[in-house]
Student: 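Input: one structure, supplied below.
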Amino acid sequence: MRTVFCGELGLKHVGERVTVCGWVNRRRDHGGVIFIDLRDRSGILQLVFHPDAGREAFRIADSLRSEFVIRASGTLVKRPEGRVNPKLSTGEVELAVDDLTVLNPAKTPPFDLAERVTDVDESLRLKYRFLDLRRPEMQRNIIVRYKATKAVRDFLDSEGFLEIETPMLTRSTPEGARDYVVPSRLEKGRFWALPQSPQLFKQLLMVAGFERYFQIARCFRDEDLRADRQPDFTQIDIEMSFVTQEDVLKTVEGMMAYIYKAALGKTIQTPFPRLTYQEAISSYGSDKPDLRFDMKIVELTESLRGAGFKAFDAGAERGGIYGFVIPGGALFSRSRIDGIVELAKQHGIITAWFAFRSEGIVSPVAKFLAPSRLNLLKEACGAKEGDLLLVTAGSKQSSLTGLGALRLELGKTLGMVREDLFKFCWVVDFPLFEYSEEEKRLVAMHHPFTSPKEEDLPLIEERPEAVRAICYDLVLNGVELGSGSIRIHRRDVQEKVFKVLGLGPEEAKEKFGFLLDAFEYGAPPHGGIALGLDRLVMLMVGATTIRDVIAFPKTASGSDPLTGAPATLSEERLKELGLRLDIQ
RNA sequence: GGAGGCGUGGUGUAGCGGUUUAGCAUACAUGCCUGUCACGCAUGAGAUCGCGGGUUCGAAUCCCGUCGCCUCCGCCA
């Protein structure tokens, strides 16, 4: 039907007779000559219609409208002098059409596809997703996604991994996200669950001796949505036997470099910097630090302790004194600084500020501190003349997370974040357990099969909260791309962890019995990672939401305007499933 | 579960208590135009201002409720 794609044509094809197919992107009718920008997946080509080149074709061209599907044949010609369009990759040529067929007319689209309008109401875009996806930006997103996915397969294949599918219908497991549930028709009153991740299956595959597994795995979590969270999403799921943390990190670093090269042609630096969990929290107030800019948090407790300023002394007593330096901030206007203080308040921290100006140190609290203290402070925070220091005092956790959130927001609003950078890092040595306020007990920070660090094992009974896990997160530009761990493969260690989690032998058997059984038949040491493919691609294409890299995503309230899902079921269907509705 | 923002012709928006017959841009329709590329010019059609209730002599505008969309907190091992 076609001989060539629009975007492939250039000067070297001049003089050739070609046939192209696609959609009318734009029509420019000059009366005596008509121009059509024809769009297909590969790009845009200008068609030109002269009445003398083909009277019938010209007559049909007059009737063309946006998004009509057409086929056009003619001779590719070099554009006249001064008529080149540098904005088009095909801008040096055009197709002089003598034969035109309308393959399908189209209704006027509900929004403009030709312009780069991301400002169209998103639910309208989703309702007409098949049109939204025609837009070149969206096509590129989906294409980059495919290339990245293919790169994953190519790389892991070359490293000896096997892609193995695991069930979508499986059983609900305790801990973690709420799972989506599917009623069983054959066994009424019983329910399947869709996997939050293939975690247990991939571990079983290690026991089964496959040694290196991966899967582009769809996962389901029935939790509230966000710009970077959808109910169903895709993980690059990896598991390896007879490996240490180091082996997993190296593999992932190699894979990331390969993906960026293959999908974007970009080179990224490996190995990625590593921070311990403690370092990440104390320097960036976050376990997913954005390393595209500096502005590290510094502890100032010792510099300000006993300085005689009540707020600081009380803060030092409750936790500590922390702050960070905004380079060049000393020259900010008073109202701008007040705005920053207000912003800090929204993040739950009360801040004092110190402007290190050429004429001296300016601060609303300077009068409470001796000049020697102020100089000590300047030295301790590493500020130069012209910088602004923000300080807060109080509990360590809320101070650091508050400063971390403030740092991130200021980094963006002050233009310190370079959008074209890709700054990967590993965060390692996470705590094995964290305290759950809701459940009033320790829960697994990663998951219950995460191995403690060997050297911390003696602490597990006395001080479980101090035990570090062999667990690692991959972070890119402040976004958590994924996390993984080396798993427990020894029965005695697993039992100790379950004990801390409050899982008795009976309960553990009931919930994870199949995995524990398997572990008794020769489980190799193993570990792995799961990476969010949607988030990775989002960052690769510069999108601000994963919805823009998913062909058919859901709205923030978890519905799909295109299909109208979720939908109701008929009485008959409910009855067949043994279900009765009880809703207000 | 909570907080905030938005909702006005197809689309994007202005108007925020009365000279508004709801403005503008774009899309759409008709006509003119032989070198445009966000073509241009002219004419025209197109909106009970998300929905429901209230306040008022008067509501797109103020209040309450509700629905939808977006962002964030909680939640997401």
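Throughout, protein chains are lettered first and strands after them, A, B, ... in sequence-line order, and every chain is numbered starting at 1.
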Student: What's the closest nucleotide to the Lys87(A) side chain, out of U34(B), A38(B), C76(B)?
Tutor: A38(B)
Student: What residues, two or more places apart in sequence or in another chain, satisfy salt bridge (charged side-chain N to carboxylate O under 4.0 Å, His left out) together with Glu461(A)?
Tutor: none
Student: Would you say U36(B) has OP1 or OP2 under 4.0 Å from some side-chain N or O of Arg28(A)?
Tutor: no
Student: Which residues pass the ring-ring contact (aromatic ring centres under 6.0 Å, His included) test with Phe430(A), not counting sequence neighbours?
Tutor: Tyr277(A)
Student: Taking the minimum atom-to-atom distance to the side chain of Ala177(A), which one of C76(B), C37(B), U34(B) wins?
Tutor: C76(B)
Student: Any side-chain N or O of Arg125(A) less than 4.0 Å from the OP1 or OP2 oxygen of C70(B)?
Tutor: no
Student: Verify the contact: side-chain N or O of Arg65(A) to OP1 or OP2 of A29(B), cut-off strictly under 4.0 Å; return yes or no.
Tutor: yes
Student: Under the salt bridge (Lys or Arg N to Asp or Glu O under 4.0 Å) rule, what do Asp228(A) and Arg226(A) come out as? Steps first, then yes or no, please.
Tutor: CA-CA 5 Å; Asp228(A) 62 353; Arg226(A) 288 285 191 284; over 6 Å; no
Student: Answer yes or no: side-chain N or O of Arg229(A) and base N or O of C76(B) forming a donor-acceptor pair under 3.5 Å.
Tutor: yes
Student: Do any side-chain nitrogens or oxygens of Lys107(A) fall under 4.0 Å of OP1 or OP2 in G10(B)?
Tutor: no
Student: Counting heavy atoms from C-beta on, name the nucleotide in C76(B), G12(B), A27(B) closest to the side chain of Asp121(A).
Tutor: G12(B)
Student: Which nucleotide in the list U36(B), U30(B), U11(B) gets nearest to the side chain of Phe111(A)?
Tutor: U11(B)
Student: Of the nucleotides G12(B), C76(B), U34(B), which one has an atom closest to the side chain of His30(A)?
Tutor: U34(B)
Student: Do the side-chain N and O atoms of Asp548(A) and Thr545(A) include a donor-acceptor pair separated by under 3.5 angstrom?
Tutor: no
Student: Within the pair Arg178(A) and C76(B), is there a side-chain N or O less than 4.0 Å away from OP1 or OP2?
Tutor: no
Student: Does a side chain donor of either Glu16(A) or Thr75(A) reach within less than 3.5 Å of an acceptor in the other side chain?
Tutor: no
Student: Which atoms of nucleotides 1-9 of chain B (N or O only) lie under 3.5 Å from a protein N or O atom, and what are those distances?
Tutor:
from: G1(B); atom 1: O6; to: Asp224(A); atom 2: OD2; distance (Å): 3.3

Student: Tell me the partner of G44(B), counting only Watson-Crick (N1-N3 plus N6-O4 or O6-N4) or G-U wobble (N1-O2 and O6-N3) with both under 3.5 Å; none if nothing fits.
Tutor: C28(B)
Student: What is the pairing partner of A3(B), taking Watson-Crick or G-U wobble pairs with both distances under 3.5 Å in any strand?
Tutor: U71(B)
Student: Could you run through nucleotides 44-49 of chain B and give me one letter per nucleotide, 5' to 3': B if any protein heavy atom sits under 4.0 Å from the base, S if only the sugar-phosphate is that close, - if neither?
Tutor: ------
Student: For Gln215(A) and Thr166(A), run side-chain hydrogen bond (donor to acceptor under 3.5 Å, both in side chains): C-alpha distance rounded to whole Å, both residues' side-chain angles, the deciding distance at 0.1 Å, then the answer.
Tutor: CA-CA 9 Å; Gln215(A) 185 177 189; Thr166(A) 53; 3.0 Å; yes
Student: Under 4.0 Å, heavy atom to any atom of RNA chain B: which of residues 555-564 of chain A qualify?
Tutor: Thr555(A), Ala556(A), Ser557(A), Ser559(A)
Student: So which nucleotide from C37(B), C72(B), C33(B) ends up closest to the side chain of Ala227(A)?
Tutor: C72(B)
Student: Under a 3.5 Å cut-off for both distances, is G23(B) Watson-Crick or wobble paired, and to whom?
Tutor: U13(B)
Student: Report the nucleotide, chosen from C76(B), G35(B), U71(B), that has the shortest atom-to-atom distance to any side-chain atom of Arg547(A).
Tutor: U71(B)
Student: Name all pairs fulfilling the side-chain hydrogen bond (donor to acceptor under 3.5 Å, both in side chains) condition that reach into residues 32-47 of chain A, sequence neighbours left out, sorted by first residue then second.
Tutor: Asn25(A)-Arg39(A), Arg28(A)-Asp37(A), Arg28(A)-Gln46(A), Arg39(A)-Glu67(A), Asp40(A)-Ser42(A), Gln46(A)-Glu94(A)
Student: Is there a Watson-Crick or G-U wobble partner for A60(B) with both distances under 3.5 Å, and which nucleotide is it?
Tutor: none
